[in-house]
**Q** 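Here's a structure for you.
Residue numbers begin at 1 in each chain, while the letters A, B, ... track the order of the sequences. Keep in mind that what you see is a predicted model, and the values were worked out from it rather than measured.
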Amino acid sequence: MKKELKQKSKHIYWNPYYGGFLLGILILFTFYLTGRGLGASGAMKSSVVSIVESIAPTHAEESTYYSKFMNEDESPMKNWLVFETLGVLIGAFISGGLNGRIGWRIQRSPKITSKRRLIFALGGGVLFGLGAQIARGCTSGAALSGMAVLSTGGFITMLAIFGSAYATAYFFRKNWI
Amino acid sequence: MGPLIPNGVIPIEWDNIIAILIGIVFGFVLEASGFSSSRKLAGVFYGYDFAVLKVFFTAALVAVIGVYYMDYLGYLDINQLYVHPLYLWGAIIGGVIMGVGFVAGGFCPGTSLCAVAIGKIDAIVYVGGIMVGIFIFSELYPLFQPIYEGYFYGNVTLEDSLGINPYWFVFIFSIIAIVAFVISDMVRKKTKKIFY
């Protein structure tokens with residue numbers, strides 16, 4: 001009985017309007033406290049800068065882009081977004097744990113192989129990482145937090161992300177439906 | 001008056017502690033809304049699950065209404081808030097590339113982190129991919145520099161760019177969102193169900 005209950009609840013998520021409402025309150029609260037919004041790709045940039053800085057310090061210093069985020073006294077990992085991202089991992093782990101969703105697995109459509117899923121995940125990640133640098137933020141930092149203060153850049157990035165995803169969805173349909 | 005930390009109401013030492021606490025709530029809400037599942041996220045592009053649309057636009061609306069209301073009541077100074085800058089072509093080209101990455105990989109950075117936290121191997125690979133993408137950008141920076149730094153219009157809001165009244169805009173935006181929610185439910189009923 002207990003196992004059955006667990007199986008059943010695994011894929012039951014919050015009502016999207018409830019989740020969205022709480023997320024909106026959180027963004028509002030974040031602006032009220034810090035004057036800025038949320039972010040996600042920023043911590044990954046700090047990680048890349050930090051890795052390059054430790055492997056090839058001269059190269060990082062000479063590079064125009066890495067050096068923007070480097071400071072003589074402090075590690076690039078000592079950054080608001082890095083701490084926030086650690087929190088995201090903890091919070092998602094708690095929610096997943098409470099609902100029995102934790103476990104090593106590759107989530108994919110039954111119509112494709114795990115290998116194909118991982119190749120597309122890698123390629124999608126590379127594109128998203130590249131795009132997020134060009135646009136100076138991802139769906140969280142640019143689009144969502146930007147829209148909260150009616151930033152023109154935030155709205156344009158949001159429209160570009162969803163517009164291009166809908167326009168190209170046809171070519172990736174086999175992976176999902 | 002807010003924002004509290006920049007105005008010294010809360011000491012700056014709390015900044016990183018608050019960052020972790022905010023992050024925990026962010027991660028919890030995203031995961032509980034189903035955003036750790038790439039197949040749920042991708043549903044918005046194929047019409048079988050509109051959770052992304054509903055969560056995203058509800059959150060944006062609640063936040064923007066809250067920000068303007070708190071400003072109106074005098075609890076928050078909207079002019080002190082960070083407005084994401086407008087680099088026109090960077091925003092468009094970057095957004096287009098991110099859109100392809102989204103539908104190919106099924107995640108965006110924030111949601112992929114939630115999926116990493118519950119052990120999805122595809123999400124770990126995706127985050128690795130993001131870091132490779134950032135590395136490529138950084139190494140080829142001179143190539144991207146013109147669109148990264150050019151076409152700069154400042155930290156502008158829609159009020160500055162289009163000259164529209166923000167209150168009216170929020171009102172119209174709310175109506176558009178509600179219409180989109182209703183239409184998305186109609187589309188979903190007609191789309192073949194996908195079980196994941």
**Q** What part of B:Leu30 lies closer than 4.5 angstrom to a heavy atom of chain A: side chain, backbone, both or neither?
**A**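 Side chain of B:Leu30 only, per the 4.5 Å heavy-atom cut-off to chain A.
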**Q** Measuring heavy-atom distances to chain A, does B:Val52 have an atom under 4.5 Å in its side chain, in its backbone, in both, or in neither?
**A**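 For B:Val52, side-chain heavy atoms alone lie under 4.5 Å from chain A.
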**Q** Answer with side chain, backbone, both or neither: which region of B:Phe45 has an atom nearer than 4.5 Å to a non-hydrogen atom of chain A?
**A**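 For B:Phe45, backbone and side chain are both near chain A.
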**Q** Please report the shortest heavy-atom distance between A:Gly141 and B:His84, naming the atom on each side.
**A**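 Taking A:Gly141 first and B:His84 second, the nearest heavy atoms are O-ND1, 4.3 Å.
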**Q** Just so I understand: if I count every heavy-atom pair under 4.5 Å between each of B:Asp15, B:Ile194, B:Ile92 and chain A, which residue has the most?
**A**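 The option with the most such pairs is B:Asp15.
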**Q** For residues B:Ala117 and A:Leu89, report the shortest heavy-atom separation together with the two atoms involved.
**A**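 Heavy atoms of B:Ala117 and A:Leu89 come nearest at CB-O, 3.3 Å.
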**Q** A:Tyr17 and B:Phe57: aromatic ring centres closer than 6.0 Å?
**A**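 Centroid distance A:Tyr17-B:Phe57: not below 6.0 Å, so no.
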**Q** Which pair of non-hydrogen atoms, one from B:Gly101 and one from A:Phe128, has the smallest distance, and what is that distance?
**A**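 Looking at all heavy atoms of both residues, the shortest contact is C-CD1, 4.1 Å.
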**Q** Where does A:Arg108 contact chain B at under 4.5 Å (heavy atoms): side chain, backbone, both or neither?
**A**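 Contact with chain B: backbone only.
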**Q** Is A:Tyr166 in contact with chain B via its backbone, its side chain, both, or neither, using a 4.5 Å heavy-atom distance?
**A**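 Both backbone and side chain.
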**Q** Name, in order of residue number, those residues of residues 172-189 of chain B that have a heavy atom at a distance of less than 4.5 Å from a heavy atom in chain A; otherwise write 'none'.
**A**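 Expected list: B:Phe173, B:Phe181, B:Asp185.
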**Q** Taking every heavy-atom pair that is under 4.5 Å apart, which of B:Ser112, B:Ser38, B:Gly110 has the most such pairs with chain A?
**A**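 Ranked by contacts with chain A, first place is B:Ser38.
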**Q** Which bit of A:Leu159 comes within less than 4.5 Å of chain B, counting heavy atoms only: side chain, backbone, both or neither?
**A**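 A:Leu159 has no heavy atom closer than 4.5 Å to chain B.
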**Q** Do you know which two heavy atoms are closest between A:Trp80 and B:Ile22, and how far apart they sit?
**A**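 Scanning both residues, the minimum pair turns out to be CZ2-CD1, 4.1 Å.
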**Q** Under 6.0 Å between ring centres: does that hold for B:Tyr148 and A:Tyr65?
**A**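 Here the rings of A:Tyr65 and B:Tyr148 have centres that are less than 6.0 Å from each other.
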**Q** Which bit of B:Phe35 is near chain A, if near means a heavy-atom gap under 4.5 Å: side chain, backbone, both or neither?
**A**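 Looking at B:Phe35, nothing touches chain A.
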**Q** What residue among A:Thr157, A:Leu127, A:Leu130 forms side-chain contact (heavy atoms from CB on, under 4.5 Å) with B:Met98?
**A**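 The residue from A:Thr157, A:Leu127, A:Leu130 that satisfies side-chain contact (heavy atoms from CB on, under 4.5 Å) with B:Met98 turns out to be A:Thr157.
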**Q** Among A:Leu28, A:Ile27, A:Leu150, whose side-chain contact (heavy atoms from CB on, under 4.5 Å) with B:Val67 holds?
**A**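 The passing option is A:Leu28.
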**Q** Sort out for me which of B:Met70, B:Lys192, B:Gln80 touches chain A most, counting heavy-atom pairs under 4.5 Å.
**A**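 Greatest number of close heavy-atom pairs with chain A: B:Met70.
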**Q** Any chance OH of B:Tyr75 has more than 12 other-residue heavy atoms, nucleotides or ligands included, within less than 6.0 Å?
**A**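 For B:Tyr75, atom OH is not crowded (no more than 12 foreign heavy atoms under 6.0 Å).
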**Q** Examine whether an atom of B:Phe135 lies under 4.5 Å from a heavy atom of chain A, and if so say whether it belongs to the side chain, the backbone or both; otherwise answer neither.
**A**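 Contact with chain A involves both backbone and side-chain atoms of B:Phe135.
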**Q** Sort A:Phe31 into side chain, backbone, both or neither according to what part of it lies under 4.5 angstrom from a heavy atom of chain B.
**A**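 It is both, since atoms from each part get that close.
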**Q** Would you mind checking which part of A:Ile177 comes under 4.5 Å of any heavy atom in chain B, side chain (CB onward), backbone (N, CA, C, O), both or neither?
**A**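 Both parts, backbone and side chain.
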**Q** Report the option among B:Asn16, B:Leu21, B:Leu76, B:Val132 that has the most heavy-atom pairs separated by less than 4.5 Å from atoms of chain A.
**A**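 Winner by heavy-atom pair count: B:Asn16.
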**Q** Can you see which heavy atom on B:Ser33 is nearest to which on A:Gly19, and at what distance?
**A**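 Heavy atoms only, the tightest pair is OG-CA, 3.6 Å.
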**Q** Side chain, backbone, both or neither: which part of A:Ser109 has a heavy atom under 4.5 Å from chain B?
**A**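 Both parts, heavy atoms under 4.5 Å.
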**Q** Could you give me the CA-CA distance, side-chain angles and deciding distance for A:Lys45 and B:Phe137, then say whether side chain to side chain contact (heavy atoms under 4.5 Å, CB included) is met?
**A** CA-CA 10 Å; A:Lys45 178 177 71 191; B:Phe137 176 85; over 6 Å; no
**Q** So, do A:Phe162 and B:Phe56 have ring centers that fall under 6.0 Å from each other?
**A**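 Centroid separation for A:Phe162 and B:Phe56: below 6.0 Å.
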**Q** Contact part of A:Val52 toward chain B, heavy-atom cut-off under 4.5 Å: side chain, backbone, both or neither?
**A**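 The side chain, not the backbone.
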**Q** Please identify which of these residues, A:Leu98, A:Leu26, A:Ile90, meets the side-chain contact (heavy atoms from CB on, under 4.5 Å) condition with B:Phe28.
**A**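 Filter result, single survivor: A:Leu98.
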**Q** Side chain from CB out, backbone as N, CA, C, O: work out which of these in A:Thr139 comes under 4.5 Å of a heavy atom of chain B, or both, or neither.
**A**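 For A:Thr139, backbone and side chain are both near chain B.
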**Q** Provide the closest heavy-atom pair for B:Ala104 versus A:Gly124 in the form atom of the first, atom of the second, distance.
**A**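 Distance-wise, the nearest heavy atoms are CB-CA, 4.1 Å.
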